[in-house]
Amino acid sequence: MKFAVIQFPGSNCDGDMFYAIRDVLGEEVDFVPCSEESVDGYDAVMIPGGFSYGDYLRSGAISRFAPIMAGVIKFAENGGLVLGTCNGFQILCESGLLPGAFLPNEKLHFICKPQPLKVENAKTAFTHLYEEGEEVVFPIAHGEGNYYCDSETLKELKVNHQIVLTYAGENPNGSVANIAGITNKQGNVIGLMPHPERAVEALIGGVDGLKMFQSLRESYKKAGK
C-alpha cells in the first residue's frame, strides 16, 4: 500500500505522519508537495496538521486553492481513502470534501495536551478495529479547533452516522455536539482535530492512534485493491 503525505508551506506534522506510516505501520509513503497536481499512483492520501500558509484568512482557506487539492478532490470523489488531521481537517472542510467550518477555540487559547475521546462509529474504513463506545486518548494541538455546523447539517451527520469521534469528558474547544472527527457520507474521507499519528508508540505516550492506520490498511486490502 502506498501513501501520500501532502506538504503545504507551514505544514509541521508531516514528519509525524510520515514516520507513523513508514516506521510504525511499515508501509510505503512519499511526501507530495502541494505544487503537484495529481495523487495518481497512491492508495491513500494524508493531509497533515500545521499552519498551512500561516493560517491567514482562515485555517485551510488558502490551502484549498493549492494545485494538489484538485487532485485530492478527484481522488476522493473516485472513492480514494483520505485522512486529514487538525489543519488537514480544516482544509478538507474548506475544500468541500467535509461539511462544516472551524472557529477559534471557545476560550481563545491554543490547546496542546492528551485528550480523551469516544469512538462513536466503529464501522468506518478508519475505525473498524476499535470498539463502539471505546475511549481512547490522542493528543490535540490547535487554536482553531472549534467545529461548527448548522442544525440541519448536524442532523444529517447524526442520521448518516458520520460523527466518528467525540471529546470525552470536557469539550476543550467548544465544538458543536463535542465533535472531534467526522467522515463524508460515503465514508472514504475522514477529518480529525486530534492527532492519531502522535499516538502510535508507547515511547511517545500511547498507541491508541495506531488502530486508525491499521484499520485504513485493512479496509484497503479488503476492497481488493
| Among all residues two or more places apart in sequence or in another chain, which pass the side-chain contact (heavy atoms from CB on, under 4.5 Å) test with Ser59? | Asp55, Asn87, Gln90, Glu144
| note | Value for CD (Glu135) from CG (Leu165), rounded to nearest 0.5 Å, stands at 11.5 Å
| query | Roughly how far, to the nearest 0.5 Å, is the NE2 atom of His142 from the CZ atom of Phe102? | reply | 8.5 Å
| task | Return yes if a side-chain donor-acceptor contact under 3.5 Å exists between Asp14 and Ser11, otherwise no. | result | no
| message | Quick check on the hydrophobic clustering: are Leu92 and Leu103 connected, directly or via other members, by side-chain heavy-atom contacts under 4.5 Å? | response | no
| message | Show, in sequence, the C-alpha distance, side-chain angles and deciding distance for Tyr167 and Asn178, and conclude whether the side-chain hydrogen bond (donor to acceptor under 3.5 Å, both in side chains) test is met. | response | CA-CA 5 Å; Tyr167 297 110; Asn178 296 322; over 6 Å; no
| message | With a 4.0 Å cut-off on N to O distance, would you call Glu28 and Arg22 a salt bridge? | response | no
| query | So how far is it from Leu25 CG to Met17 CE, rounded to the nearest 0.5 Å? | reply | 11.5 Å
| field | Same cluster (ILVMFWY, side-chain, under 4.5 Å), Ile21 and Phe31 | value | yes
| field | NZ/NE/NH1/NH2 to OD/OE distance under 4.0 Å, Asp16 and Arg198 | value | yes
| field | Sole residue of Ser35, Cys34, Pro33 in side chain to side chain contact (heavy atoms under 4.5 Å, CB included) with Pro9 | value | Cys34
| message | Would Asp30 and Tyr42 count as a side-chain hydrogen bond (donor to acceptor under 3.5 Å, both in side chains) here? Give the steps. | response | CA-CA 9 Å; Asp30 292 329; Tyr42 293 98; 2.8 Å; yes
| task | Could you tell me whether Glu134 and Lys118 have a side-chain N and a carboxylate O separated by less than 4.0 Å? | result | no
| query | Is the shortest distance from a Lys or Arg side-chain nitrogen in Arg58 or Glu94 to a carboxylate oxygen in the other one below 4.0 Å? | reply | yes
| task | Determine, using the 4.5 Å side-chain heavy-atom cutoff (strictly less than), whether Ile140 and Tyr148 are members of one ILVMFWY cluster. | result | no
| task | Could you pull out the closest heavy-atom pair between Phe8 and Ala66, with the gap in Å? | result | CE2-CB, 3.8 Å
| query | In terms of side-chain heavy atoms, does Thr166 have a donor or acceptor partner in Glu120 at a distance below 3.5 Å? | reply | yes
